[in-house]
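Accompanying notes for the structure given below.
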Amino acid sequence: MSFKVFIFYFFSVVLLLAAVRVITARNPVHSALFLVLAFFTAAGLWMLLEAEFLAISLVLVYVGAVMVLFLFVVMMLDINLEELRQGFWDYLPHGLIVGGLMVVEMAMVLGARYTEAGWADLGEQVSNTKALGQVLYTQYVYPFELAAVLLLIAIVAAIALTLRRRKDTKYQNPAKQVQVKRGDRVRLVSMPAEKAKKGE
Amino acid sequence: MTALENLFGPAWPAVWTLAKIVAIVAPLFLGVAYLTLAERKVIGYMQVRIGPNRVGPKGWLQPIADGLKLLFKEIIVPSGANKFLFILAPMLAIAPAMAAWAVVPFSPEVVLADVDAGLLYVMAITSMGVYGVIVAGWASNSKYAFLGSLRSAAQIVSYEIAMGFALVGVLLAAQSMNLTQIVNGQQGGGFWNWYFVPLFPMFLVYLIAGVAETNRAPFDVAEGESELVAGFHVEYSGMAFAVFFLAEYANMILVATMTAIMFLGGWLPPFNVVPFTWVPSFIWLAAKVAFVLFLFLWFRATFPRYRYDQIMRLGWKVFIPVTLVWLMVVAGWMLTPAWVW
């Protein structure tokens, strides 16, 4: 067994264990942290396939941003686990159907190439950032731009749905604040000195 | 060298890499130790004090004494804390701060891993540093720590976007994500060839976002000692606290080094003429890193802490638009003959 194969199996075992713990951990924060571990190990596996751009963007986007916000929300929630667990057996068939479908689909995609699958040896000089960029902005430019617009719409929609501007909140206008001159805030008053009256 | 190679046999590459890692990390920790002393001295003089001068000649042994003191102190785990995560959090903080150094080039040939996606790697690894803060705040079972970690999470995620866009500007100008090639792209007559000239707004954004990313004053709301006692590490003591401390300073040195490499020409001399080119390239890099670190200390001594909503406003409403606009400017500029970098 070569060292590369050993690394592959090590990462796979960690990935699977972490993925199982995501759904079995009692504490939602632990679940989220196991999901982070799962993403990170998956990135390690991609790195092994010399897909360094995908691996690093997985870490950058999912581990560095998405999961941070996810953890942010989960930490503040007070989740009653018993309530969540009650629906488990009802949802199990649905989950199994969806999961099974996904496995079948992936098998169909990968099945054709399964026979010739091996270690991808791309050589030293291929920068897959450049390769990916070239394909994305030439051959797949319309799907790529469409996906970007879709994401933008999703962002705008999410904000539009959740933004409630209360009328009674006070907020500042920094543009106005920085224009303030000294004269607007402080007034120097020249007063003659007062003499103390007798008896005071 | 060959004798050593024969001695270790097939394990030689691993041993050699390990030796190189030690050669990077050991000076880094020494740098961290003396950066703390430098900070206390610099801020001391800025406030017309002398700063630490008791331990060793002129206070030179102060960081060693501090380190020893923290080593021998007890680590107290608060009741109700999640013990495993409580201990794990400092490690999560320091591991990315050290792992990012793998791709940093110190001079034209000296780099541990000369990878093509170096810039992306640094961004990905440093973005993981926030987990140390978040996990520490949650696992401590303390309101102050938790509030500190929430603030930090929101702040770091916000500034990472501006920082990322600033880096996109650099990779646009250099047309490479390899850090060695980024420095080589700044070669020429002298300092006017460095990327801080065409990318000046991005240089400023990167520098300021770097201060925010490392939770340094004036963006240190995650610690905010006047409101949150000590923020996310309020429950930590002894070595566990020291590890957070080390991670913060290691991150400072990392951000300073990245600024030097990407905007200030890395190891290149400011004038490409004789007395300047005699100086070894590593010295130039160290000098630039020291300059940026001095700026960090200067900021801390000078600016009052930002209010939380103003930090968010600066990140989202000022920095991100500035970088987006300048990205367009640079992309257009590069198509014209006026682009000489």
Side-chain angles (χ1 to χ4, degrees), chain A residues 2-3 25-30 32-37 39-40 43-44 46-47 50-77 122-133 159 169-175 177-178, chain B residues 10-11 13-14 82 84-85 88-89 92 95-96 99 103 113-131 133-135 137-139 146-147 149-158 160-161 163-164 167 171 175-178 181 213 307 309-310 313-314 317-318:
Chain A
S2 76
F3 188 57
R26 291 191 148 265
N27 191 320
V29 173
H30 290 182
L33 287 172
F34 274 115
L35 193 53
V36 171
L37 181 62
F39 280 140
F40 193 75
W46 285 358
M47 197 72 102
E50 297 183 16
E52 79 261 5
F53 182 79
L54 285 179
I56 295 175
S57 6
L58 180 72
V59 173
L60 187 64
V61 176
Y62 282 91
V63 178
V66 173
M67 286 312 294
V68 172
L69 295 179
F70 208 83
L71 207 57
F72 189 96
V73 174
V74 166
M75 282 196 310
M76 287 194 289
L77 292 179
L122 299 171
E124 293 262 303
Q125 295 309 315
V126 178
S127 159
N128 60 55
T129 315
K130 224 171 224 170
L132 204 68
I159 294 172
T169 47
K170 292 176 180 172
Y171 60 95
Q172 294 158 326
N173 185 348
Q177 282 180 323
V178 293
Chain B
N82 189 319
F84 176 70
L85 290 181
L88 187 73
L92 284 179
V103 295
D114 191 18
V115 296
D116 275 338
L119 194 61
L120 211 57
Y121 171 83
V122 170
M123 272 171 75
I125 291 293
T126 49
S127 72
M128 287 172 59
V130 64
Y131 281 104
V133 176
I134 299 181
V135 171
W138 185 77
F146 188 56
L147 280 172
S149 78
L150 288 185
R151 285 178 174 194
S152 170
Q155 176 184 328
I156 290 181
V157 168
S158 311
E160 226 164 54
I161 303 170
M163 218 171 176
L167 295 187
L171 75 92
Q175 309 203 338
S176 169
M177 290 200 294
N178 184 316
Q181 282 175 24
E213 284 276 296
R307 216 176 53 207
D309 60 313
Q310 287 175 338
R313 180 180 160 270
L314 186 70
K317 292 191 178 172
V318 180

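None of these values were measured; they are calculated from a predicted model. All chains are named by letter (A, B, ...) in the order of the sequence lines, taking the proteins before the strands, and each is independently numbered beginning at 1.
Across every non-hydrogen atom of B:Tyr131 and A:Leu33, the tightest pair is CD2-CD2, 4.4 Å. Shortest non-hydrogen contact noted between A:Val68 and B:Ala153 is CG1-CB, 4.1 Å. Across all their heavy atoms, A:Met76 and B:Leu150 have their closest contact at SD-CD1, 3.5 Å. When all heavy atoms of B:Leu120 and A:Ile56 are compared, the closest pair comes out as O-CG2, 3.4 Å. Smallest separation of non-hydrogen atoms from A:Gly64 and B:Glu160: O-OE1, 3.8 Å.
Most heavy-atom pairs under 4.5 Å with chain A: of the set B:Asn82, B:Ile125, B:Asn178, this distinction falls to B:Asn82.
For chain A, the nearby part of B:Asp309 is the side chain; its heavy atoms alone come within less than 4.5 Å. In this structure, chain A has no heavy atom under 4.5 Å from any part of B:Ile161. Using a 4.5 Å cut-off between heavy atoms, B:Thr126 does not touch chain A at all. Contact annotation for A:Val36: only side-chain heavy atoms (C-beta onward) come within less than 4.5 Å of a heavy atom of chain B. In this structure, the portion of B:Phe146 lying under 4.5 Å from any heavy atom of chain A is its side chain and not its backbone.
The 12-atom threshold is not exceeded at CZ of A:Phe40, counting heavy atoms of other residues, nucleotides or ligands nearer than 6.0 Å.
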